[in-house]
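Every chain is numbered from 1 and lettered A, B, ... according to where its sequence line falls, protein lines coming before strand lines.
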Amino acid sequence: MLRGICRICDMPPKKRARGRPAKSAEATPDQVTEETEIRRKKTQKSKSAGKEGADRDAPVGKAAYCHWLMKSEPESRFENGVDVKFGIEDLKALPNQTGCWDGVRNYQARNFMRDMKVQQLAFFYHSNCKEPGIAGLMKIIKEAYVDHTQFDRSDAHYDASSKPENPKWYMVDVRFERMTKRFLPLAELKKYHLQHKAEGGALGSLALFTRARLSVQPLSAEEFDFVLSLEDRDPI
DNA sequence: GCCAACGTTGGC
DNA sequence: GCCAACGTTGGC
C-alpha cells in the first residue's frame, strides 16, 4: 500500500496519552499486530522480523535496526480516486525537500516506522513502476506521530475503522538526502541476493526479497553498507 | 494485465 | 483459534 500524497505535516504531534483507554473489547492496534506477527511466525518461521509489536520504547537487549528502506510509487496510479504517485523527485520538490510518509496501512510497516529515530537514513525505493529499485537516500527528521490522513475521507488511504481516540496509523517525517550515484535496480539487487543466499554474503536475507510486500523494512548495517557500496561498482 | 504471495477478515 | 475466502502488493 505504500504511502500516499505527501504534504508538509508539521502539525503538533497531538501527544495523546497512549495508555490504557480501558476500552471496549476491540483489539488495540498493537494487539492486532501481535496476533499478526504470531501468525506470521507460525506460518512461515521467518527470522529477522525485527522487534515486534507492542512497544515503541524498545526494551533493552533487543537488537534495534537503524537503517531502512521505504517504498513509494513514482508513477501515477489512482486509489479511491486519488493519485498516489510520489517518487523521489516529488520529495525533492517539496519545501525543504521534506515531507511526511503518510499512507502506510500495514501493521508491520507501521511498527518499523515507530522504531525509527531522528537522523537515521532510509533508502527511497521506487515500486510498482517501469524500473523498480533504489533511487536515493532520505533522513528521518521526525519520529512517528499520528497519520491524520487515516481520518480524512477524501484521502487515498482513509481508514473508516480507525478512530481519533485510538488511531491505528502513524507516519514519520523525512528529508531528501541525496540521489544514489546511480539508480540501483531491483534486478541487480536480486542477483546479489540470490548469489549471497547460495554462497553467503550480505544480501542473503534482505527483506526486499524475503518479505517482499513490506513497504517499510529494516536493513542491518551490513546490508545497508553493501547496498550503498553498489553505487561505486559497475552494474551487473 | 496477470497472477503469486501473503496479509486480513470473518464464520464456525 | 482455525482456516477458507477475499483483498492487496508489486514484479513481470
Task: From dT8(B), dG10(C), dG11(C), nucleotide with atom closest to Asn106(A) side chain - done: dT8(B)

Open item on the list: Over all strands shown, is Phe209(A) touching base, sugar-phosphate only, or nothing at heavy-atom distances under 4.0 angstrom?
Closed with: nothing

- [ ] Report the distance from atom CD1 of Ile134(A) to atom P of dG10(C), rounded to the nearest whole Å.
- [x] 14 Å

TODO: Can you tell me the distance, in whole Å, between the OH atom of Tyr107(A) and the P atom of dT8(B)?
DONE: 7 Å

TODO: Write down the distance between CG (Asn128(A)) and P (dA5(B)), rounded to a whole number of angstrom.
DONE: 18 Å

Open item on the list: Could you check, using the six-membered ring where one of them is a Trp, whether Tyr107(A) and Trp169(A) have ring centers closer than 6.0 angstrom?
Closed with: yes

- [ ] Name all pairs fulfilling the salt bridge (Lys or Arg N to Asp or Glu O under 4.0 Å) condition that reach into residues 184-199 of chain A, sequence neighbours left out, sorted by first residue then second.
- [x] Arg182(A)-Glu188(A)

List the atom pairs, donor and acceptor, that lie under 3.5 Å between side-chain atoms in residues 226-236 of chain A and the rest of the protein, sequence neighbours left out.
from, atom 1, to, atom 2, distance (Å)
Ser229(A), OG, Phe226(A), O, 2.6
Glu231(A), OE1, Arg178(A), NH1, 3.0
Glu231(A), OE1, Lys181(A), N, 2.8
Glu231(A), OE2, Arg178(A), NH2, 2.9
Asp232(A), OD1, Lys181(A), NZ, 2.7
Asp232(A), OD2, Lys181(A), NZ, 3.3

Task: Nucleotide dT8(C), atom C1' - distance to CZ of Arg77(A) in whole Å - done: 9 Å

- [ ] Under 4.0 Å between any heavy atoms, over every strand shown, what does Lys190(A) touch: base, sugar-phosphate, or nothing? Just pick one.
- [x] sugar-phosphate

Open item on the list: Between Glu79(A) and Arg77(A) (salt bridge meaning N to carboxylate O under 4.0 Å), is one present in this structure?
Closed with: yes

TODO: Round to a whole Å and report the spacing from CD of Glu73(A) to P of dG10(C).
DONE: 7 Å

Open item on the list: What is the separation between atom NE2 on His157(A) and atom P on dT8(C), rounded to the nearest whole Å?
Closed with: 11 Å

TODO: Quickly work out the Gln108(A) CD to dT8(C) C1' distance and round it to whole Å.
DONE: 14 Å

- [ ] Take atom CG of Leu214(A) and atom C1' of dG11(C), then tell me their distance rounded to the nearest Å.
- [x] 16 Å

